[in-house]
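Both ligands and their constituent atoms are indexed starting at 1 by order of listing. The first residue in the sequence is number 1, and the count goes up from there.
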Amino acid sequence: MELKPCAHYDYILKFASVDSMSKNPAVAEIVENYKPIWALDSVSSLLGWDMETYMPPGSSEQRGFAIAQTQLMKQQRMMQLVDPVAKADKLPALNDFEKGFLRVMKHDLDYYTKLPPKLLEDEARTATEGTVVWREARKKSDFNMFKPYLEKMVELKREEAEKLGYVGHPYDALLDRYEEGATTTDVDKVFTPLASSLKGILSKVLAAGKFPTTHPLELVKYEEAAMVRVNMAILKVLDMPKKTFRMDVSTHPFTSSMSIDDVRITTRYEGEDFKASLYSTVHESGHAIYSLQSDRSLEYTPLEGGVSLGMHESQSRFWENFIGRSRGFVKLIYPTLEANLPFLTNYNEEEVYRYVNSVKPSLIRVEADELTYNFHIILRYELEKKLIGGELQVSEIPSVWNDMMQKYVGVRPENDAQGVLQDVHWSAGLIGYFATYSLGNIIGGMFYNQVQKDMDLKSIVARGELVRVKEWLKEKLHKYGAMYSPKEIQNRLFGEQYNPKWLVSYLEEKYLAT
Ligand SMILES: [Zn+2]
């Protein structure tokens with residue numbers, strides 16, 4: 001029998017041909033030793049993607065076990081790199097790749113070395129049990145059912161903050177896991193003026209009535225097959241690569257990256273209000289573009305992909321809102337929409353533009369529009385910070401939540417299901433995460449301002465030359481992956497960090513000047 005090179009053989013050839021950017025032998029050795037860890041992460045992502053898309057639902061327990069095991073193997077391998085990383089970090093004359101690699105490794109190793117396994121186990125157990133109870137509590141709109149689990153989670157997260165360490169506020173330690181280097185001082189400085197500017201814009205928009213609070217198209221039902229055609233056409237407009245990208249369906253859309261050459265998104269089809277499906281596709285494509293455009297030299301290292309949740313969200317929001325909800329984009333895709341969604345014959349381009357940009361003060365974050373969304377985030381951030389800082393008790397949250405909702409958005413939940421129980425994050429232990437959504441919007445605004453210095457964005461979008469925008473983003477941000485920290489890359493790009501001014505001026509121009 002003749003032996004033929006198999007698929008594995010091709011893989012090994014490709015694997016061996018990877019040229020590390022590290023010139024220093026000590027760092028190059030760690031980079032090499034990281035490759036199996038990269039593989040575990042890639043496998044873990046694939047297992048997670050499959051669980052949300054095609055896995056028969058009965059296997060979730062075993063799949064959860066398999067994912068946990070790959071994560072455990074990752075942790076064991078990472079721990080072997082603690083000493084080599086500490087030694088390499090003291091070496092002189094490291095290049096940017098080496099510095100970035102060691103920075104990210106230290107940040108990840110911090111988590112494994114500073115947090116006792118018992119704490120991580122307690123957190124995981126509280127999250128699993130708490131999420132089950134949270135689902136039931138939300139159904140019954142009964143915060144008291146969920147309260148003991150949230151109290152336990154807050155206690156564990158305060159312990160986590162103490163173990164990780166911080167300079168100013170204990171919340172800084174938690175925020176840093178999601179947005180490296182960002183502190184409550186940074187966020188307060190940004191969210192306070194943002195909230196007051198947004199409040200001013202919102203009251204003017206509502207008074208003018210040019211952007212509707214509801215639109216008849218929200219109730220119109222669509223054929224799923226027709227909407228699939230629309231979304232596939234949108235992927236073409238965004239020039240998503242056929243060989244290295246795919247789209248599937250899940251209840252909650254997400255992006256999953258297995259490698260630079262395998263990035264997958266999901267979208268959703270609820271059967272009515274087609275903008276939800278359309279903008280899920282655009283949003284997740286924005287995440288995917290960032291991950292797909294890492295420089296090839298970052299492959300198999302922790303630098304491929306993106307640098308932080310805030311920076312990632314800046315890219316998804318940039319495509320979803322700044323581009324996707326612009327007049328030019330609506331004009332560009334209107335013929336596709338009209339050809340596939342027969343009910344649009346009664347609605348012209350301008351109507352569709354108003355529909356996708358309706359402004360409605362509402363209670364539910366995931367349904368919020370571009371303008372009111374940030375209030376939902378600021379509220380959660382304020383509450384989390386006070387909980388972790390010990391200035392607020394869990395029992396006080398529902399009433400404080402409702403008061404803040406009234407203050408910021410002007411609406412008051414009638415029950416806890418519409419209020420404090422609406423999001424999964426707290427039961428899952430994701431405390432410190434929310435702020436990154438608005439930081440993403442803010443950085444998106446900075447990109448929007450910056451790109452217009454280099455090109456006439458509006459006409460480029462209207463002409464469908466989106467490849468030029470993608471190329472620009474690649475050169476400015478994507479190709480660097482996580483090589484520079486979120487603050488450093490912002491300084492390099494904009495000469496400033498987290499400046500909400502550009503988001504505000506964009507919203508003023510869009511909602512008040514036109
Ligand atoms: Zn996102």
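Checking D172 against T184 by side-chain atom types alone, a donor-acceptor pair falls below 3.5 Å. For the residue pair T281 / N231, a side-chain donor-acceptor distance below 3.5 Å is found, with atom types taken as modelled.
H283 lies close to the Zn ion (ligand 1), since one of its N, O or S atoms is found at a distance under 2.8 Å. Coordination check, E284 versus the Zn ion (ligand 1): failed, since every N/O/S atom of the residue sits at 2.8 Å or beyond.
By the 6.0 Å and 45° rule, R325 does not stack over the aromatic ring of Y353.
A salt bridge does not link E384 to K386: none of the charged side-chain nitrogens sits closer than 4.0 Å to a carboxylate oxygen.
Per residue E313, closest N, O or S atom to the Zn ion (ligand 1): atom name OE1.
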